[in-house]
Structures are given as structure tokens and as C-alpha cells.
Amino acid sequence: MTVDRVDWSADDVLRHLRSSPVFRQLDDESLAAVADCATISLVPAGDAVMDEGATGDEAFVVIAGRLDVLTRSSDGSVRSVNHLGPGDVVGEMALITDEPRSATVRARRDSALMRIGASDFRSIVLEHPEALLDITRTVMQRLNHSIHDERPKSSRSV
Ligand code: CMP
């Protein structure tokens with residue numbers, strides 16, 4: 001694991017992984033293996049983490065901060081479909097479906113993210129079906145939220 005700020009210790013990272021719904025069922029040894037293949041990225045407010053339509057080669061767990069999930073409509077307007085915070089996984093869909101990124105994800109505040117590359121992500125979910133089940137549950141809850149709350153939280157042109 002690469003930590004690019006001195007105040008992120010390996011213990012901090014493990015604690016955050018443990019609090020993520022996606023990794024909470026893993027034992028300490030497996031969590032340490034996940035932390036070992038992860039790097040911490042610090043993303044300033046306003047920066048994009050990923051762009052809608054791009055190829056996905058990494059997923060992230062939010063450690064600190066807040067992210068906006070934005071989608072572009074055919075008329076060019078941009079809709080905020082959700083916000084993500086600590087413990088949430090993001091960028092998992094393209095790694096599972098091999099399809100382009102479904103949304104743009106942008107830091108709403110300065111944020112710290114744990115980056116997991118595509119091949120490590122695939123190894124983790126193949127070795128830990130319970131993690132894959134939690135990811136599936138998360139994606140289904142997001143889908144359910146989209147189905148039942150179609151009102152845009154905000155809309156702007158970019
Ligand atoms: P992916 O499609 O790889 O890239 C964009 C990411 O945004 C996607 O994975 C999800 O992690 C996230 N995402 C897409 N739609 C939603 C949503 N409705 N709620 C929360 N996160 C989402």
C-alpha cells in the first residue's frame with residue numbers, strides 16, 4: 001500500500017476498509033491483503049475521479065470526503081444522481097460489466113480514496129464471494145434508489 005500523506009497509517013486504512021459495507025465480512029488477513037494492493041489518492045474538491053463513457057481500470061473505496069455522481073442527459077444537462085461518502089465503493093460497475101463508466105464522479109470536497117486496480121479487484125471478488133454479494137447488494141440498492149427517486153437533486157450544465 002502506498003500512503004502519500006504521513007497521517008494515513010496502515011491501521012487507519014484497515015479501519016476504513018472494515019467500515020466499508022463491501023469489505024466488512026473479510027477477516028483481518030484478507031483485509032490486510034486488500035490494503036496491500038491499494039494506494040491512497042487525495043482528490044481536491046472539484047476534480048473528476050472518473051468520466052462517464054471512459055474505460056474503467058480501477059475502483060475506489062471512499063475513505064474521507066464526499067463525491068458527486070453525475071450523469072449527462074441527451075440535451076447536455078448534467079444531473080446529480082447520488083452522493084457518496086466514507087465506506088462507499090465507486091467505479092466497481094465498469095470492472096464487473098466491462099462496459100464504459102456509467103457516470104462521472106467528481107469530488108464535492110477534498111477527498112481521500114483507496115484505489116484498487118482492475119486485476120486486484122477481480123482477484124478479491126473471486127476469492128471472496130461474500131464481498132461480491134455485498135457489492136451486488138450495493139448496486140441493487142443504488143438502482144432501487146434511482147427507480148424510486150427520479151427527481152434530480154441538482155441540475156446544471158458543464
Ligand atoms: P462505473 O460505472 O464503473 O463508473 C461510474 C460509477 O459511479 C459507477 O461505476 C458506480 O460506482 C457509480 N454510480 C453510478 N450510478 C450510481 C448511482 N445511481 N448511485 C451511486 N453511485 C453510482
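Each ligand, and each atom within it, is numbered from 1 in the order the structure gives. Everything numeric here is computed off the predicted structure, so don't read it as measured data.
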**Item:** Polar proximity ligand 1 side, Val89 side, N/O cut 3.5 Å exclusive
**Value:** no
**Prompt:** Charged N to carboxylate O under 4.0 angstrom, Asp98 versus Arg122?
**Reply:** yes
**Heavy atom of the protein closest to atom 8 (C) of ligand 1 (residue, atom name, distance)** = Ser102 OG, 3.6 Å
**Asked** Should Val13 and Ile40 count as side-chain neighbours, where that means a heavy-atom distance under 4.5 Å?
**Response** yes
**Request:** Check each heavy atom of Met50 against ligand 1 and say whether those closer than 4.0 Å belong to the side chain, the backbone, both or neither.
**Result:** side chain
**Item:** For ligand 1, the portion of Leu143 having any non-hydrogen atom under 4.0 Å away
**Value:** neither
**Shortest reach to atom 13 (N) of ligand 1 by a heavy atom, considering only Val69, Thr71, Val105, Thr97** = Val69
**Message:** For a quick test of reading the model, state the closest non-hydrogen atom pair linking Phe23 to Leu31 and the distance between them.
**Reply:** O-CD2, 3.7 Å
**Asked** Would you call Leu132 and His128 a side-chain contact if the rule is heavy atoms closer than 4.5 Å?
**Response** no
**Residues Arg101, Glu52; criterion salt bridge (charged side-chain N to carboxylate O under 4.0 Å, His left out); working and verdict** = CA-CA 5 Å; Arg101 295 291 193 198; Glu52 185 173 349; over 6 Å; no
**Asked** Is it the side chain (CB and beyond), the backbone, both or neither of Ser146 that lies under 4.0 Å from ligand 1, heavy atoms counted?
**Response** side chain
**Asked** Heavy-atom distance to atom 20 (C) of ligand 1: which of Glu52, Arg142, Glu99 wins?
**Response** Arg142
**Asked** Side chain or backbone of Val90 under 4.0 Å from ligand 1, or both, or neither, by non-hydrogen atoms?
**Response** both
**Complete:** For atom 19 (N) of ligand 1, the closest protein heavy atom turns out to be Asn82 ND2, 3.0 Å
**Asked** Are Asp68 and Arg108 ion-paired here, with the side-chain N under 4.0 Å from a carboxylate O?
**Response** yes
**Request:** For the pair Ser73 (side chain) and Asp75 (backbone), establish whether a donor and an acceptor sit closer than 3.5 Å, ignoring hydrogens and angles.
**Result:** no
**Message:** Starting from atom 3 (O) of ligand 1, what is the nearest protein heavy atom, named by residue and atom, and what distance separates them?
**Reply:** Arg101 NH1, 2.7 Å
**Message:** Could you tell me, atom by atom, which parts of ligand 1 come under 4.0 Å of a heavy atom of Ala94?
**Reply:** 1 (P), 2 (O), 3 (O)
**Prompt:** Is any side-chain heavy atom of Asp28 closer than 4.5 Å to a side-chain heavy atom of Arg18?
**Reply:** yes
**Message:** Checking the N or O distance criterion of under 3.5 Å, is ligand 1 in contact with Ala103?
**Reply:** no
